[in-house]
Every structure is written in structure tokens, then in C-alpha cells.
Amino acid sequence: MNPRPVPEQNPAQPDVVLVVDFGAQYAQLIARRVREAHIYSEIVPHSVTAKELAKRKPAALIFSGGPKSVHIEGSPRIDPEIYKLNIPILGICYGAQLIAHNLGGEVSHTGIGEYGRTPITLHTSSTLFSVPDAPNSAQRQVWMSHFDSITNPPKGFVVTASTPQAPVAAFENTQNQIFGVQFHPEVAHTPQGQQMLEQFLYKGAGLTPSWTTKSFIATATQQIRNQIGQGRAVCGLSGGVDSAVAAALVHKAVGSQLTCVFVDTGLMRLGEGEQVVEAFRRSQGIDLIALDAAERFFEALRGITEPETKRKIIGELFVRVFEEAASKISGADFLVQGTLYPDVIESGSKSAAKIKSHHNVGGIPDEMSLSLVEPLRDLFKDEVRAVGTELGLPEEIVWRHPFPGPGLGVRIIGEVTPEKTKLLAKADAIVTAEIKAAGLERKVWQTFAVLPDIRTVGVMGDERTYGHLVVIRAVTSEDAMTADWARLPHELLEKMSSRIIGEIEGINRVAYDITSKPPGTIEWE
């Protein structure tokens, strides 16, 4: 969350801006940018109807970009009745073209597109471009990515900016509170892009920045109390920040009605079990049950190599162990999970294709006796960290790098065995230690080691070896929706490699993964 101070508001009924997704790669980024402006936002599919929107009463809508042309049959459309709801609208790229197309403007195949950094010329004073501290010039730099262009605005709209290839690079109708831009203000490559979005939110839509960490905590704790009532809840602590913040939030809401259960699956990071017990039982005073179920998990995974099957097995057994623990807690009927918004999106929704099932969404059994409590399901990772800090969690918990629910089980490619797990845990610990020693822990989004199902020939001490390969993975990201491989210093990679090979018997080769997301995912499985 943006740390700028904002006035505290009543959090009971926060304004919500809905980002209508037309298949854009940046839809999630738009939602994040709105939240950075202290306005709550969610993503909805373009199939949303005017009736559904009227029921939700959003304070504003943002139409995202998209890969299609408005002239192609079957391209995503919007319910035309939405324009009659008098909700402020901002269209971005395809969203702007759709507004023009729907309201009587003209979108043309000019034969020339615009991609990347592009200068635009401002024609008149406008809501979006009246950015404080903006250059005192009629020229601005923006980021373009389009082929079709808006050549005539709808009746009643004023053209506020253009380029040689896009006669209508921005337009607005302030009376109807509808705005459109051909460029992408949500990306970092557009200078003052965030301020332009804020101009739409604050000036164009008349919203007040009121969604803060404190307001979220106040709202979430009340919702948790309403859901759990006088019941009891159990929370599965995985060792990661998500489950830790979820536990702290629920504990704030219902106190002693929460019991946390830490299941040592045998697939945890090195020494993680002891850290969890120390942080929650001793430091936070939370009722904690620690269970050693490693043998059960290794037995269940025997002979299994398919990634989705492994996730399902680990997720289902995890919940079953929870249920066994919960059955011994009188009145326990709620299961707390640290599901995040990217988990929900990537696991498949109306607006996103399924990439892989996440342990907090698709990895649980179809039937279980506990009702789910997911207090973080609408948050991105940086927002979760801000909430954890506000709740007083230790820094080493809040800033721990993301760790998948299935643990090392999906970082071991192929069959998961105790022997492979020990090798990988040691290698992963070396990678983590060296990243921390280099002062990169907060600059790199995620770092870890992977153990592929590969053996390689090597030479160690004048003898031939046939050992395991370890792959180091490090990425930079804002929310895990997209990620780029981290450009770690060669000296750091060399030190990691030397330590892994020199200190862990059975490993004789180290590689570095330079794949971004997309096309890859952050995790290997």
C-alpha cells in the first residue's frame, strides 16, 4: 500500500472501483494502482451485467485494455445498459476504443500502430492531465500498445490529447464523467501515470482516498467476528507470511477462539518449524498445536510425479490432518487460510484462465467438515505485508519470501522422497542466506532452489561423479502476477554455486533460471 497519509474514514462502507477485464495483461496492475491511491478495487469479467453492477453500486468503473479489435466478431463487449447507470468510467486502450465504438465515435484500422514510449500532444486543459508538478509543456510521454486508433470521439466528448497516429489519444465528457485514454497510465513507463489515475478517481469520479491498512483491519476483524460468531477456528500455519498474517488478523478478531495448527509436512524450509513455534506460541501468545506428519506425506507422495496430482495430495492430506486436530478441539468448525487475490485469479475465475491450482484454492478437497475463513482473499502480497506490520508481526515473518503451500513438494521435480527433500532444503537455505547477506532480501521478490529430476556427470577430487542438479530461481515482481528474472551479481551466483556443491554431498552442478513470467510461472510446478 502507498504509505502517504490519508484522512481516516468510516471503513464500514468503503468506495469500490471495479476494473472490468477485457483480457488485458495489465488488469491486475490497474487494480493495484487504484489501491495505491487508497481506493478499494476488484476485478470483474466483461460479461458483468448492468443489473449486477447496479446491485454492487461501484463508485467507478475502469475498462481495461485487451488483445482484440472492436471490429472483430466475438471480441469482448460490455452490456450497453451499463452506460445508463451514471457510474464514472475510465477506458484504457481497448477500453477507450470500446467506449468510443459504443457511444457513436469512430475506431479505425489506420494501418499503423504505436508501441512503447510515445510522445503525446495536449490540446486543452483536462481532468486527467491536470497533474500537480507535471511538466509545463504541451508534450507528455506515455506508453502505447495498440494497432487500431480512435479517429473521432463520440458526440459530446472533447479530445484532450493526440499523436500523429492516434488523433484521439485521450478524450473526456466531464458532464457524464466518462474518460478514455489510448495509452496505459497504469504502467511505470508512463510518467505521472499514477497521478493521472488519481485525477480520474479524485476529480473525475469525486472519490475520497479512504482505504488504508487500518481501515482494512477494522473492516476485516468485524467480518471475521460476524462469520465465526461464538464458534472456534483453527488456522494452518505454513511458515509463510500469508498464513501468519491471516492467523494474526483472526486472533485480533476472536482472540482465544482461535487455535493455530502447524503441520510439519517434512516439506518445509530448513529450521522453519522451530521459527513458527517461536514466533506464534512464545512471542504472539497464540494457542498453537505442532504436529509432525512428515511420514504420512512422504508415504502419500510415493511414486507420484505429476505436479497437479502432488498439489492435490498435499492439499487434501494437509486439510485431513487439520480436521483430525480440529476434532480434538471442542467446537472447532472453521478453517482459516491465507488465500490471496492472485491465488484466486490464477486458480481460475470468470475473468482468468486456470494456470494452476493454488494450495489455498484448488488444493483442498471437494468435501470437508470445516467452513473456510479467508480474510486476505482480496489482498495482494504487498498489502498483506503492510497488514502484518500493522498487526505487529516480527519482521522476519512479514518479509519472508513467498513459499508455496505444498512446500518443497513442488520444487522437487518428479517423485518426492525424504532424501531429495533434505538435499533441497539445505540448498535452499544456502540461497536464502546468501541473498540476505548480500542485502537483497527486500529487493528480490522471491528466491529459492529447485531440484529437477536430472542427474549430471561431474568431476570432484579427480573422481567422476553422477550427482543432482540444483537450479537457483530469483525473480523481481510487485504482486506475483508477472515477474522478471532477477539480475543477480555474478559473484553472488558463484558464491551460491560454490557453497551448494562444496557443502552438500550429492550435488555436482548448479544452474540459474532466467525465465520471466510469462511465459513461465515463478514456481516450476
Side-chain angles (χ1 to χ4, degrees), residues 238-240 242-243 263 265-270 272 294 297-319 337-340 342-348 352-365 381 401-429 431-432 445-456 468-475 477 480-486 507 509-525:
S238 67
D242 304 339
S243 63
V263 178
T265 63
L267 305 171
M268 313 303 294
R269 287 174 282 206
L270 199 65
E272 196 156 39
F297 279 86
F298 285 124
E299 181 59 33
L301 291 168
R302 188 188 300 274
I304 304 299
T305 60
E306 204 279 319
E308 278 294 289
T309 303
K310 287 198 290 187
R311 285 180 174 271
K312 277 288 188 180
I313 288 173
I314 295 169
E316 180 159 352
L317 181 54
F318 195 76
V319 172
Q337 286 204 320
T339 308
L340 304 191
D343 297 340
V344 176
I345 295 169
E346 286 202 348
S347 294
K354 178 176 177 179
I355 298 172
K356 61 186 177 184
S357 64
H358 279 258
H359 68 286
N360 288 333
V361 182
I364 60 175
K381 179 72 77 173
H401 283 192
F403 191 61
L408 300 181
V410 290
R411 292 179 179 174
I412 296 171
I413 313 305
E415 183 181 11
V416 178
T417 67
E419 294 73 27
K420 289 181 181 179
T421 304
K422 288 178 182 177
L423 287 178
L424 182 56
K426 290 178 181 178
D428 184 77
V431 170
T432 300
W445 173 267
Q446 194 169 359
T447 51
F448 55 91
V450 178
L451 189 71
D453 191 19
I454 297 173
R455 293 287 190 98
T456 72
H468 288 277
L469 162 71
V470 161
V471 177
I472 298 171
R473 178 76 159 140
V475 298
S477 180
M481 300 305 304
T482 59
D484 192 15
W485 61 277
I507 297 174
R509 192 180 297 266
V510 174
Y512 187 53
D513 184 350
I514 59 170
T515 310
S516 297
K517 174 187 180 181
T521 55
I522 295 177
E523 298 289 344
W524 273 41
E525 289 191 341

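Reckoned from all heavy atoms, side chains included, excluding hydrogens, waters and symmetry mates.
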Side chains of Pro406 and Leu267 in contact at under 4.5 Å (non-hydrogen atoms): no
Could you list the donor-acceptor pairs under 3.5 angstrom formed between side-chain atoms of residues 410-419 and any protein atom two or more places apart in sequence or on another chain?
| from | atom 1 | to | atom 2 | distance (Å) |
| --- | --- | --- | --- | --- |
| Arg411 | NE | Glu523 | OE1 | 2.9 |
| Arg411 | NE | Glu523 | OE2 | 3.4 |
| Arg411 | NH2 | Glu523 | OE2 | 2.7 |
| Glu415 | OE2 | Gly303 | N | 2.9 |
| Thr417 | OG1 | Lys420 | N | 3.2 |

Least distance between heavy atoms, Leu270 atom then Ala425 atom: CB-O, 4.0 Å
Side-chain (His468) to main-chain (Arg455) donor-acceptor, under 3.5 angstrom: no
Shortest non-hydrogen separation from Thr456 to Arg509 and the atoms involved: OG1-NE, 3.2 Å
Beyond-backbone contact of Pro452 with Trp524, side-chain heavy atoms, under 4.5 angstrom: yes
Value rounded to 0.5 Å, distance of CG in Leu408 from CD in Glu272: 8.5 Å
Ser516 versus Asp484, closest heavy-atom pair with distance: OG-OD1, 2.6 Å
Rounded distance (nearest 0.5 Å) linking atom CD of Glu299 with atom CD1 of Ile313: 11.0 Å
For Tyr512 against Ala474, the heavy-atom pair lying closest together: OH-CB, 3.4 Å
Intermediate values then yes/no, side chain to side chain donor-acceptor pair (under 3.5 Å), His401 and Thr447: CA-CA 7 Å; His401 283 192; Thr447 51; 3.2 Å; yes
Salt bridge (charged side-chain N to carboxylate O under 4.0 Å, His left out) against Lys426, all qualifying residues, sequence neighbours excluded: none
Residue pair Phe297 / Thr421, side-chain heavy-atom distance below 4.5 Å: no
Those residues that, when tested against Phe318, pass ring-ring contact (aromatic ring centres under 6.0 Å, His included) (two or more places apart): Phe322
Heavy-atom check, side chain of Lys312 versus side chain of Ile314, under 4.5 Å: no
Closest approach of Ile522 to Gln446 (non-hydrogen atoms, all atoms of both residues): CG2-OE1, 3.3 Å
Side chain Asp428, main chain Ala449, donor-acceptor under 3.5 Å: yes
Sidechain N-carboxylate O distance under 4.0 Å for Lys381, Asp242: yes
Close side-chain approach of Ile472 and Asp513, heavy atoms under 4.5 Å: no
Check: Gln337 side chain, Thr339 main-chain N or O, donor-acceptor pair, under 3.5 Å: no
Any donor-acceptor N/O pair, Arg311 side chain to Gly405 backbone, under 3.5 Å: no
Contact summary for Ala300 and Ile304, nearest pair of heavy atoms: O-CG1, 3.9 Å
Separation of Phe448 CZ from Thr432 OG1 (nearest 0.5 Å): 10.5 Å
Test log, rule side-chain contact (heavy atoms from CB on, under 4.5 Å), inputs Lys517 and Val475: CA-CA 9 Å; Lys517 174 187 180 181; Val475 298; over 6 Å; no
Side-chain heavy-atom pair Val471, Leu469 within 4.5 angstrom cut-off: yes
Ser477 side, atom OG; Trp485 side, atom CH2 - distance, nearest 0.5 Å: 16.0 Å
